[in-house]
Amino acid sequence: MTNATAVVPEGVELTDGFHLLMDALEMNGITNIYGLLGIPVTEIGRMWQARGNKFYSFRNEQNAGYAASVAGYLTKKPGVCVTVSAPGFLNGLTALANATTNCFPMILISGSSEREIVDLQQGDYEEMDQLNIARPHCKASFRINRPEDIGVAVVRAVRTALSGRPGGVYLDIPARLFSTVMSAEEGKKSLWVPVDPAPAQIPAPSAVQRAAELIKNAKKPLILLGKGAAYAQCDADIKALVEETGIPFTPMSMAKGLVSDTHPQCGAAARSMVLQESDVVVLIGARLNWLLSHGKGKTWGNPKKFVQIDIQANEIDSNVQIHAPLVGDVQSCVNALRDALKGMNKPTEWMNAVAERAAGSRAKLATKLSTATPVMNYHNSLGAIRDVLKNYPDITLVNEGANALDNARMVIDQYLPRKRVDTGTWGVMGIGMGSAAAAAVETGKPVVAICGDSAFGFSAMEYETLTRYNLPVTVIVMNNGGIYRGDEASPEHQFSCMLFNPNTRYDQLSIALGGEGVRVNTPEELAKALEDSIKSGKTTIIDAIIDPAAGVESGRIGNLNIVSTIGKK
Ligand code: ADP
Ligand code: TZD
Ligand code: MG
């Protein structure tokens, strides 16, 4: 079969699949593509760049995909990732599934083998039935078979990724389509810009009243902010709800900074108290999943009633009874609630009790952060980082690891919305370098990535991508020589399965990959290296030597760890 030129009369100006795809992406406001090129998509990168757009070329599709998903989260536009067929597609699929799990809008576009060969399983180059494999891992999986369908497919992908609960979409493009031609004029007519692809979803007035009554009658109300609230980009409305009602709030990790961690109503440092003692909890863009102990058990203490703001109707009652569901987009729901709560009495006594507890734990923490130890531990190293980052509130913090994650989340304050990107709903290691790249590209501001040494290893080669694009990223590798700890005894004639080579020099890896590298042993050295790196704007790895005995197994989720009790002394 040849390209479908025969249907176009001679002399007519032509376009093809490559051009139409790019036209469609541009019309949908996409300027940055993250990906990894090869047969059959190579031309996409060259042509995209030739048009003056940016193509960020990665070393592994998984990291390009994480970058695209973070771009989607930060910009509220789908992040786009382009890959080759079968193995490239599968690498990218991990990130697409992760994006969907986290409710980040993303479009994965992969080239695929020819249908007639794949469908008869005749063994094409990188043959795989990608369309069907992607389907359970994202919101929708579409294949484009004709150039005249590229416009509608891209619009459909954008609308699907953005509307309702955001998530991932897969677009399958068989290789031959890229070079299939059609009349340029007809092609142009086949493209359009979607009107209002993420429409407001207004909550029912009766639902708003129900929620308002519950909140007004609460003695100890609590607002719990999730990353869906941060994603919604209605920061001022959320802050106004908090301040007008006087209700204490606590953020989930990526919602830190949506209202500043230093706000007087922030109950993060009194988290166990507010979760246990509150009587009405207003969930805003946060699911009652494992990260919130499913809304039950001893974490939650006193019986309570939930108000839940979410755009996804069947998220309500997912784990426990929700007494006042508010189904709609965060902004519409928050503003409707503000109206209905006008003039409500502030729970001042409760608020003061929370503030007092929070101040107490912050003071206790401050002591730990400034206590010197012979080898750095998580507290004094992160304390040093926190003091530097105080002066750079608009830096994006990327964070992965176990102890390196849990302690950094607790110690490092965020002051502004969407300035923290971490391992998200899955607790996935390896988001580091892709997320750092996207954060630097999309915000145009410096990025600091705090990574456990294990976590960093998942995407370490992508550090070259950061140096290649000259991105102002400082990677702090929390080098304790292992997963969780670096002091596990090895069995005879073997190396412990939890340890890494203690001679690893992450600072020298940076130099080898074209960046700056420095190894630090004390909080003072760490603070100086971080300050220097941020000021220089140069891509840097700080190899921070952490006491191998400082971490705990599984960080702060040791309760989920499974151990055998058989045969142990
Ligand atoms: P966290 O991990 O911070 O607790 P989750 O990812 O569990 O947050 O929850 C995010 C929730 O936010 C999801 O249930 C999603 O449906 C919801 N959500 C995302 N965007 C919006 C929006 N614009 N309006 C309302 N809900 C939203
Ligand atoms: N693989 C993937 C993709 N995600 C995971 N979460 C894991 C494996 C399991 N895992 C964790 O949950 S944390 C972690 C792994 C491998 C690494 C912890 O070690 P670290 O951090 O060096 O990154 P600390 O500071 O030593 O605890
Ligand atoms: Mg480690």
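When a ligand or atom number is given, it counts from 1 through the structure's own listing order.
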Please determine whether a side-chain nitrogen of the Lys or Arg among E464 and R59 lies less than 4.0 Å from a carboxylate oxygen of the Asp or Glu.
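Result for this pair is yes, salt bridge flagged.
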Could an N or O of ligand 1 be found under 3.5 Å from any N or O of E315, whether backbone or side chain?
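Between E315 and ligand 1 (N or O atoms, distance only) the closest approach is not under 3.5 Å.
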Going by the order shown, which atoms of ligand 1 are within less than 4.0 Å of some heavy atom of N289?
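Counting from 1, the qualifying ligand atoms are 7 (O).
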Assess F458 for proximity to ligand 2: is some non-hydrogen atom of it under 4.0 Å away?
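The answer is yes, since F458 has a heavy atom less than 4.0 Å from ligand 2.
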Numbering as shown, the atoms of ligand 2 that approach N480 to under 4.0 Å (heavy-atom distance):
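Per the distance check, 26 (O).
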Is it true that the side chains of R420 and N399 contain a donor and an acceptor less than 3.5 Å apart?
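Yes, because at least one side-chain N or O of R420 sits under 3.5 Å from a partner of the opposite role on N399.
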Short list, please: which atoms of ligand 2 are under 4.0 Å from a heavy atom of A404?
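Those qualifying, in numeric order: 25 (O).
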Does ligand 2 have an atom under 4.0 Å from some heavy atom of G482?
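Per 4.0 Å heavy-atom rule, G482 contacts ligand 2.
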Nearest to atom 11 (C) of ligand 1 by heavy atom, L162, D310, D422: which?
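Shortest heavy-atom distance from atom 11 (C) of ligand 1: D310.
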Can you name the atoms of ligand 1, numbered from 1 with element, that are less than 4.0 Å from a heavy atom of Y231?
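Ligand 1 atoms under the 4.0 Å threshold to Y231: 20 (N).
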Polar-atom distance check: G427 versus ligand 2, any N or O pair below 3.5 Å?
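Between G427 and ligand 2 (N or O atoms, distance only) the closest approach is under 3.5 Å.
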For atom 2 (O) of ligand 1, what is the closest protein heavy atom, and at what distance to 0.1 Å?
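Of every protein heavy atom, K227 NZ, 2.7 Å lies nearest to atom 2 (O) of ligand 1.
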For G328, atoms of ligand 1 separated by under 4.0 Å from a heavy atom
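Here the atoms of ligand 1 in question are 24 (N), 25 (C).
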Treating K239 as the side-chain partner and V259 as the backbone partner, does any N or O pair qualify as donor plus acceptor under 3.5 Å?
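It does not hold such a pair.
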Nearest candidate to atom 23 (O) of ligand 2, where distance is taken over non-hydrogen atoms, out of P548, A455, G555
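Checking each option, the heavy atom nearest atom 23 (O) of ligand 2 is found in A455.
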May I ask you to decide whether R165 forms a salt bridge with E315, counting only side-chain N to carboxylate O separations under 4.0 Å?
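Yes, charged N to carboxylate O under 4.0 Å.
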Are any of the N or O atoms of N102 closer than 3.5 Å to those of ligand 1?
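There is no such contact.
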To which of E400, Q62, M429 does the heavy atom nearest atom 14 (C) of ligand 2 belong?
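Among E400, Q62, M429, the closest heavy atom to atom 14 (C) of ligand 2 comes from M429.
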Numbered atoms of ligand 1 (with element) below 4.0 Å of C103, judged on heavy atoms:
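Within the 4.0 Å cut-off of C103, ligand 1 contributes 13 (C), 15 (C).
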Using distance alone, with no hydrogens and no angle criterion, decide if N302 and E277 have a side-chain donor and acceptor under 3.5 Å apart.
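No - no donor-acceptor pair under 3.5 Å links their side chains.
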4.0 Å heavy-atom contact, G551 with ligand 2:
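The answer is no: ligand 2 sits nowhere under 4.0 Å from a heavy atom of G551.
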Relative to ligand 2, is N403 under 4.0 angstrom through side chain, backbone, both or neither, heavy atoms considered?
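Near ligand 2, N403 shows its backbone as well as its side chain.
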Do any N/O atoms on D329 end up under 3.5 angstrom from N/O atoms on ligand 1?
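The answer is no, given that D329 and ligand 1 share no N or O pair closer than 3.5 Å.
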Side-chain donor-acceptor contact under 3.5 Å, T83 with S110:
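There is such a pair between these side chains.
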Close-contact set for ligand 2 against Y378 heavy atoms, below 4.0 Å:
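The atoms of ligand 2 under 4.0 Å from a heavy atom of Y378 are 24 (P), 25 (O), 26 (O).
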Quick check: does I311 get an N/O under 3.5 Å from an N/O on ligand 1?
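Yes, there is a polar N/O contact under 3.5 Å.
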Nearest 10° is fine: what angle sits at the Mg ion (ligand 3) between O from G482 and OD1 from N480?
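Here the angle at the metal atom is close to 90°, to 10°.
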Can you tell me if N480 and Y378 form a side-chain donor-acceptor pair at under 3.5 Å?
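Indeed, the side chains of N480 and Y378 share at least one donor-acceptor pair under 3.5 Å.
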For the pair D310 and R287, find out whether any cationic side-chain nitrogen is under 4.0 Å from an anionic carboxylate oxygen.
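No.
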Kindly give the atom name of the N, O or S atom of D453 closest to the Mg ion (ligand 3).
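Sorting the N, O and S atoms of D453 by distance to the Mg ion (ligand 3) puts OD1 first.
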Would you call I542 and L526 a side-chain contact if the rule is heavy atoms closer than 4.5 Å?
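Of all side-chain heavy-atom pairs linking L526 with I542, at least one is under 4.5 Å.
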Judged by modelled atom types alone, do N63 and E462 share a side-chain donor-acceptor pair under 3.5 Å?
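Their side chains do contain a donor-acceptor pair, which is all the 3.5 Å distance test asks for.
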Give a yes or no answer on whether the side chain of N102 reaches the backbone of F104 with a donor-acceptor pair at less than 3.5 Å.
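No, because the side chain of N102 does not come within donor-acceptor range (under 3.5 Å) of the backbone of F104.
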So Y231 and Y73, would you call those rings parallel, tilted or perpendicular, with 30° and 60° as cut-offs?
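Parallel, since the angle between the ring planes stays under 30°.
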N/O to N/O below 3.5 Å, does that happen between V330 and ligand 1?
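Right, the criterion is met.
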Heavy-atom closest pair, residues P251 and A268:
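Minimum heavy-atom contact is CD-CB, 3.9 Å.
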Please determine if D237 and R338 form a salt bridge, counting it only when a charged side-chain N lies under 4.0 Å from a carboxylate O.
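Salt bridge present between D237 and R338.
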